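These notes concern the structure reproduced below.
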2 protein chains.
Amino acid sequence: MATLKEVADKAGVTVTTVSRMLNKPDMVHPSTIRRIQQAMRDLDYQPNEIARSLSKKMSNFIGLIVPSARNAFFAKVIESMERHITANGYKLLLCVSNHERRKEIEYFSMLRANKVAGVIIASHTQDITQSVSIDAPIISIDRIISPHISAVCSDNFSGGRMAAELLISKGCKRIAYFNGGITLKGMSASLRQQGFEQALRQQGIEPIIQSHREDRFISMKYQDIIAAFLETHADIDGAFCSNDILAAELIRYATKNGIDVPGQLRVIGYDDIDLAELYSPSITTIRQSVEDISHFVVESIVHFEDRPMPSQTIFPVQLIEREST
Amino acid sequence: MATLKEVADKAGVTVTTVSRMLNKPDMVHPSTIRRIQQAMRDLDYQPNEIARSLSKKMSNFIGLIVPSARNAFFAKVIESMERHITANGYKLLLCVSNHERRKEIEYFSMLRANKVAGVIIASHTQDITQSVSIDAPIISIDRIISPHISAVCSDNFSGGRMAAELLISKGCKRIAYFNGGITLKGMSASLRQQGFEQALRQQGIEPIIQSHREDRFISMKYQDIIAAFLETHADIDGAFCSNDILAAELIRYATKNGIDVPGQLRVIGYDDIDLAELYSPSITTIRQSVEDISHFVVESIVHFEDRPMPSQTIFPVQLIEREST
DNA sequence: CGGTTAATGTCAACCGTATGACATGTAAAA
DNA sequence: TTTTACATGTCATACGGTTGACATTAACCG
């Protein structure tokens, strides 16, 4: 690969001028710029980003740590983040933690060693800054992991309320909440539950809470868990699930066991992953605006130097009504 | 951040020794190694990967270009690749091309500028090397894009045959093939179709082929396309879909229109994404061993210098029988 | 015509690590 | 005691690009 120096020689200028053109184009005469660009084309020159990063003490990478890439919600997050990261001239370093704290810490340290411009974390770990410090902005999404780390979430509390209100308005009386996993403090799902419970109680309905110890998002045992719960609560007529996959599992169980959805049981999911629309019956759900969140998060990192970063930012959610209610 | 030099000073050795310890530990005395390690701990030292990469003219990044991150099959690919890449001490640079040739070329050029150790591409573009050259191994997965680029695929031809044979063995007589998108030369899906057609014809059954011009994997118009097709082919009793999502859409349509699956219509998908098991009825499908492919591809890149790379490698597929047949 | 300004050159240091060549010192083996 | 091997130091250069300080040149203005 050609280097800056070769380009400079070919264009009859010095490396300083070429470098200036790349970094402060205003300082260079238009005709010189053209000459240099021609030389670059001739030599098929491309700046070595590694060398640039070293010199600037900062790379163009943005690290994204997610618990899973297969889970449809995070897949959506990844795709959306990638788009915004690329649109801003940065590159995505993807890290899949599989919910393991050890891995998250390793990833953090790796990202530091690579001088990333920022880290986006959708994480399990309560406060990772206790383990690894990093000289770049860190933003957590989907949950609040520490008072020192900016968090960007969607309005889970309202999401829970909206679900409750819809079920009530449809005439449900015995309403359950299905928890997709272990409830962690600060985790978005727990706010969903709180909003949901509050709205029900305001209408004099006592929520029936299902929860279990499974901490993976996709589990082969969902059917068993659902079966066990419905055995003791056969009479529920409404269910709010903390994510769409759980909702799909519930509908699947219901269909198999001759329970009509939505006739006998109305089901609401959360996230609005592609599956929700594709399922049969299609699933009513609360959509998190992953797109808005991604846009905001990436912009925040890119303009970190210029703008202050709010410690918490909340985006609205939207009820998407489909066949399952 | 501390530098090599500071560590060396603290440990009472020179940078050369420290660098040697990091790269050729055999040359350094165990007790010296301990002293240096202690100094590193004291200073919270971490090698600057950027500087390393510059010096070595090669980074630890592996680029993965996929058309989509949301699509469940590619989500599976991403997760699997990430695991193997990380396990080998490399880092994943994720690129989502959205099927756009222009983007693929940009990504390629970006990866080159970042001196990646290798590129894995699940791509649309027929032969990207015509546009961008790169001094690193390139491997295409899921399809053959050029005679000059190693390809790693699963045995799509057999997959198609297996689907055909299952439908025949279940007694289907009027069997259709649903194509998820435009058929591109060399694309894995076209081999699936060929295997499928061949197996049917060998049994004296003429396949009914559905295909359309949609080139996105997830489209809102699948229902319309299916409806149009079934209008003129209402009598089919077996269907092989080129991917699981299409199979889900077909089942959804059938369910909505009172066609019993598998009673009146048996459906087979392809890929075995999570959805296949979750759907109701669960979907019989051909599983591609994404795990094996990922493992092989990443190992090939990591050991590129040592081993020759086969121009084509094919992994077996597996029939997963579920409720939809 | 002197003064100002814009465009570029010159020079050099720096980012943090790798590495080759060669010298030195030390301890074990002959 | 001499030889040999090993461990480390010393020195210097390279990787490719950035940047600040300052000098030079030519063109423009009043």
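Everything numeric in this text was worked out from a predicted model, so none of it was measured. Labels below follow one simple rule: chain letters A, B, ... track the order of the sequence lines, proteins then strands, and each chain is numbered from 1.
An OP1 or OP2 oxygen of D/dG17 is reached within less than 4.0 angstrom by no side-chain nitrogen or oxygen of B/Lys115. Put simply, B/Ser55 has no side-chain N or O that comes within less than 4.0 Å of OP1 or OP2 on C/dT17.
Going from atom CE of B/Met27 over to atom P of D/dA5 covers 15 Å, rounded to whole Å. B/Lys5 places its NZ atom 13 Å from the P atom of C/dC14, with the value rounded to the nearest Å. In this structure, B/Asp9 atom CG and C/dG16 atom C1' are separated by 14 Å, rounded to whole Å. Protein atom NZ of A/Lys56 is 16 Å distant from nucleotide atom P of C/dG16, rounded to whole Å. Following rounding to the nearest Å, A/Glu49 (CD) and C/dC15 (P) show an atom-to-atom distance of 20 Å. A/Ile36 places its CD1 atom 11 Å from the C1' atom of C/dA7, with the value rounded to the nearest Å. Rounded to a whole Å, the CD1 atom of A/Ile33 is 16 Å from the P atom of C/dA6. One interatomic measurement links the two molecules: CG of A/Asn60 to P of D/dT18, which rounds to 11 Å at whole-angstrom precision.
In this model, a side-chain donor or acceptor of B/Arg20 finds a partner on the base of D/dG9 within 3.5 Å.
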**Q.** Stepwise side-chain contact (heavy atoms from CB on, under 4.5 Å) test for B/Ser109 and A/Gln46
**A.** CA-CA 8 Å; B/Ser109 139; A/Gln46 207 179 3; 2.7 Å; yes
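Each of A/Leu4 and B/His29 lies near DNA chain D, and the nucleotide nearest B/His29 is the one positioned closer to the 5' end. When each of B/Lys24 and A/Ser31 is assigned the nucleotide of DNA chain C with its nearest heavy atom, A/Ser31 is the one assigned upstream, toward the 5' end. Checking A/Ala51 against B/Arg35, the closest nucleotide of DNA chain D that is more toward the 5' end is the one next to B/Arg35.
Closest contact between the side chain of A/Leu22 and the listed nucleotides C/dT17, C/dA21, D/dT18 involves D/dT18. Comparing atom distances between the B/Asn48 side chain and each of C/dG16, D/dA21, C/dA18 picks out C/dG16 as nearest. The side chain of A/Arg52 lies closest to D/dT18, out of C/dT19, C/dA7, D/dT18. Of the candidate nucleotides D/dG9, D/dG20, C/dT17, D/dG20 has the atom lying nearest to any side-chain atom of A/Thr16. The side chain of A/Thr14 lies closest to C/dG9, out of C/dT17, D/dA7, C/dG9. Looking at the side chain of B/Thr17, the nearest of the listed nucleotides D/dG9, D/dG17, C/dG16 is D/dG9. Nearest to the side chain of A/Asn23, among C/dT19, C/dG9, D/dT19, sits D/dT19.
Looking only at atom types and distance, the side chain of A/Arg41 has a donor-acceptor partner in the side chain of A/Gln38 under 3.5 Å away. At a cut-off of 3.5 Å, with distance as the only test, a side-chain donor of B/Asp292 or B/Ser289 sits close to an acceptor on the other residue. Checked by atom type, the side-chain pair B/Glu299/B/His84 shows no donor-acceptor distance below 3.5 Å.
Across all strands shown, B/Val28 has heavy atoms under 4.0 Å from sugar-phosphate atoms exclusively, and none from any base. At the heavy-atom level, A/Leu54 lies under 4.0 Å from base atoms of the strands shown. Contact annotation for B/Ser19: base contact, defined as any heavy-atom pair under 4.0 Å involving a base atom. Contact annotation for B/Val13: backbone-only contact, meaning every heavy-atom pair under 4.0 Å involves sugar-phosphate atoms and none involves a base.
A/Asn156 contributes a side-chain N or O that, together with a main-chain N or O of A/Ser154, makes up a donor-acceptor pair within less than 3.5 Å.
Side-chain contact between B/Tyr107 and B/Val119: absent, with no pair of heavy atoms (C-beta onward) separated by less than 4.5 Å.
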